[in-house]
Number of protein chains: 2
Amino acid sequence: MSITHLQSFVAVAEERHVGRAARRLHLTQPPLSRHILALEDELGTRLFERTRQGMRLLPAGEVFLHHARRILAEVDTAVLTVRGLSPRDAGG
Amino acid sequence: MSITHLQSFVAVAEERHVGRAARRLHLTQPPLSRHILALEDELGTRLFERTRQGMRLLPAGEVFLHHARRILAEVDTAVLTVRGLSPRDAGG
DNA sequence: AGCGTCCAATGCTGTTTCGGTATCGCGCTC
DNA sequence: GAGCGCGATACCGAAACAGCATTGGACGCT
């Protein structure tokens with residue numbers, strides 16, 4: 001489980017399509033597909049239903065989506081906060 | 001920035017000693033030292049003061065420690081929650 | 001002052017992980 | 001049954017990673 005995997009998951013959940021999510025993340029479809037499979041494997045649950053149109057969140061996926069978003073937001077906050085404290089690179 | 005790096009950071013912050021933290025994480029000292037350096041580089045701030053006794057948190061490090069703990073707790077919660085929903089591996 | 005000690009940091013190397021290309025398998029459409 | 005769109009898989013080269021050995025710096029001892 002890595003932050004990258006969470007970002008991949010959120011993107012696929014929002015796009016409901018691995019290919020589109022991949023483009024959005026500047027990645028290709030296969031590694032992104034593997035991210036989702038790895039997550040599902042680690043969680044022991046299927047997060048998406050594979051349909052003909054693409055990927056649809058399953059109930060477990062919806063629950064996980066909330067957590068994933070919160071985690072990513074926390075990470076973002078953490079980075080921005082600490083960078084804000086720093087005299088070194090705060091202004092960019 | 002990865003979850004592993006956050007775990008490394010918290011361990012070093014708590015042990016105040018890279019070698020001890022490494023043992024606790026079943027790792028060796030050099031990679032753990034590099035985790036901290038990578039974090040500091042990414043955040044643009046020094047998180048620890050290197051003393052003769054080991055590592056002491058700087059103010060930015062203390063702030064980041066709170067965030068890191070929260071993130072790791074969130075990750076833990078996310079995994080446990082979704083695993084709890086699953087019929088596949090919940091009890092194992 | 002010179003030497004040993006304890007700490008984190010670095011050079012190097014073998015291995016693992018990872019992303020990209022090409023391809024597959026499946027279900028649907030015409 | 002040929003074509004299309006989707007995710008999944010096989011394979012390979014590149015990047016990341018952990019571990020070993022070593023360095024460099026600060027202090028204590030004699």
Side-chain angles (χ1 to χ4, degrees), chain A residues 1-62 64-65 68 72 75 79 82 88, chain B residues 1-62 64-65 68 72 75 79 86 88:
Chain A
M1 159 101 60
S2 76
I3 290 170
T4 301
H5 286 174
L6 297 181
Q7 290 168 333
S8 296
F9 168 73
V10 171
V12 171
E14 289 177 357
E15 299 286 347
R16 289 185 283 281
H17 192 286
V18 178
R20 276 197 298 274
R23 238 173 292 126
R24 176 169 139 189
L25 295 170
H26 305 292
L27 225 66
T28 56
Q29 177 259 321
L32 194 39
S33 181
R34 285 188 291 248
H35 289 182
I36 304 300
L37 291 169
L39 263 181
E40 292 181 330
D41 185 61
E42 182 169 353
L43 295 172
T45 321
R46 210 148 284 283
L47 299 171
F48 291 101
E49 184 190 352
R50 277 71 170 170
T51 76
R52 199 166 46 78
Q53 291 88 4
M55 312 279 275
R56 186 188 328 172
L57 275 177
L58 292 171
E62 304 231 28
F64 192 64
L65 180 58
L72 293 177
V75 169
V79 173
V82 173
R88 211 196 303 175
Chain B
M1 160 103 59
S2 78
I3 290 170
T4 301
H5 285 175
L6 297 181
Q7 290 169 332
S8 296
F9 168 72
V10 172
V12 171
E14 288 176 0
E15 299 287 346
R16 288 185 284 281
H17 192 286
V18 177
R20 276 197 299 274
R23 239 173 290 126
R24 175 169 139 189
L25 296 170
H26 306 293
L27 223 66
T28 56
Q29 177 258 322
L32 194 39
S33 181
R34 284 188 289 249
H35 289 183
I36 304 301
L37 291 171
L39 264 181
E40 292 181 329
D41 185 60
E42 183 170 352
L43 295 172
T45 322
R46 208 148 286 282
L47 299 171
F48 291 101
E49 183 189 353
R50 277 72 170 170
T51 75
R52 206 174 56 77
Q53 290 89 4
M55 311 279 276
R56 186 189 328 173
L57 275 177
L58 291 171
E62 305 231 26
F64 192 64
L65 179 59
L72 293 176
V75 169
V79 172
S86 162
R88 205 191 314 169

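What you see below is based on every heavy atom in this structure, not just the backbone, and it leaves out hydrogens, waters and symmetry mates. In what follows, every chain begins at residue 1, and chains take the letters A, B, ... in the order their sequences are listed. Note that the structure is predicted; figures quoted are calculated from it, not measured.
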- prompt: Hey, is the main chain of A/L47 close enough, under 3.5 Å, to the side chain of A/T45 for a donor-acceptor pair?
  reply: no
task: Take atom CG of A/D41 and atom C1' of D/dA8, then tell me their distance rounded to the nearest Å.
output: 14 Å
task: Using whole Å, report how far CE of A/M1 lies from P of C/dT17.
output: 17 Å
message: From CD1 of A/I36 over to P of C/dG19, roughly how many Å is that when rounded to an integer?
response: 12 Å
query: What about A/F64 and A/F48, are their ring centers closer than 6.0 Å?
result: no
task: Starting at atom CZ of B/R23, determine the distance to atom C1' of D/dA18, rounded to an integer number of angstrom.
output: 17 Å
task: Measure from the side-chain heavy atoms of A/R52 and tell me the nearest of C/dG20, C/dG27, D/dC27.
output: C/dG27
query: Under 4.0 Å: is that the gap between some side-chain N or O of A/S33 and OP1 or OP2 of D/dG7?
result: no
field: Euclidean distance, A/L32 CG relative to A/R20 CZ, rounded to 0.5 Å
entry: 12.0 Å
task: Starting at atom NE2 of A/H17, determine the distance to atom P of D/dG5, rounded to an integer number of angstrom.
output: 10 Å
task: Figure out the CD/P separation between A/Q29 and C/dG19, and round it to whole Å.
output: 13 Å
statement: Among the nucleotides D/dT9, C/dA8, D/dG19, whichever has the atom closest to the side chain of B/V18 is C/dA8
Position toward the 5' end of DNA chain C (nearest nucleotide), A/T28 or B/R20: B/R20
message: Does B/H5 reach a base, just sugar-phosphate, or nothing at all? Heavy atoms under 4.0 Å.
response: nothing
message: Between B/L27 and B/H35, is there a side-chain heavy-atom distance shorter than 4.5 Å?
response: yes
- prompt: Given that A/P31 and A/T51 both sit by DNA chain D, which one's nearest nucleotide is further toward the 5' end?
  reply: A/T51
- line: Rounded to whole Å, CZ of A/R50 lies from P of D/dT9 at a distance of 9 Å
message: So B/L27, base contact, sugar-phosphate only, or nothing? Heavy-atom distance under 4.0 Å.
response: sugar-phosphate
Residue A/L37, side-chain atoms from C-beta onward, closest of D/dT9, D/dA21, C/dG27: D/dT9
Spacing between A/F48 atom CZ and D/dA8 atom C1', to the nearest angstrom: 15 Å
query: What are the two closest heavy atoms between B/A68 and B/F9, and how far apart are they?
result: CB-CD2, 4.0 Å
field: Nearest-neighbour nucleotide for the A/R34 side chain, C/dG20, C/dA8, C/dG11 considered
entry: C/dG20
field: A/H35 vs C/dG19: side-chain N/O to OP1/OP2 distance below 4.0 Å
entry: yes
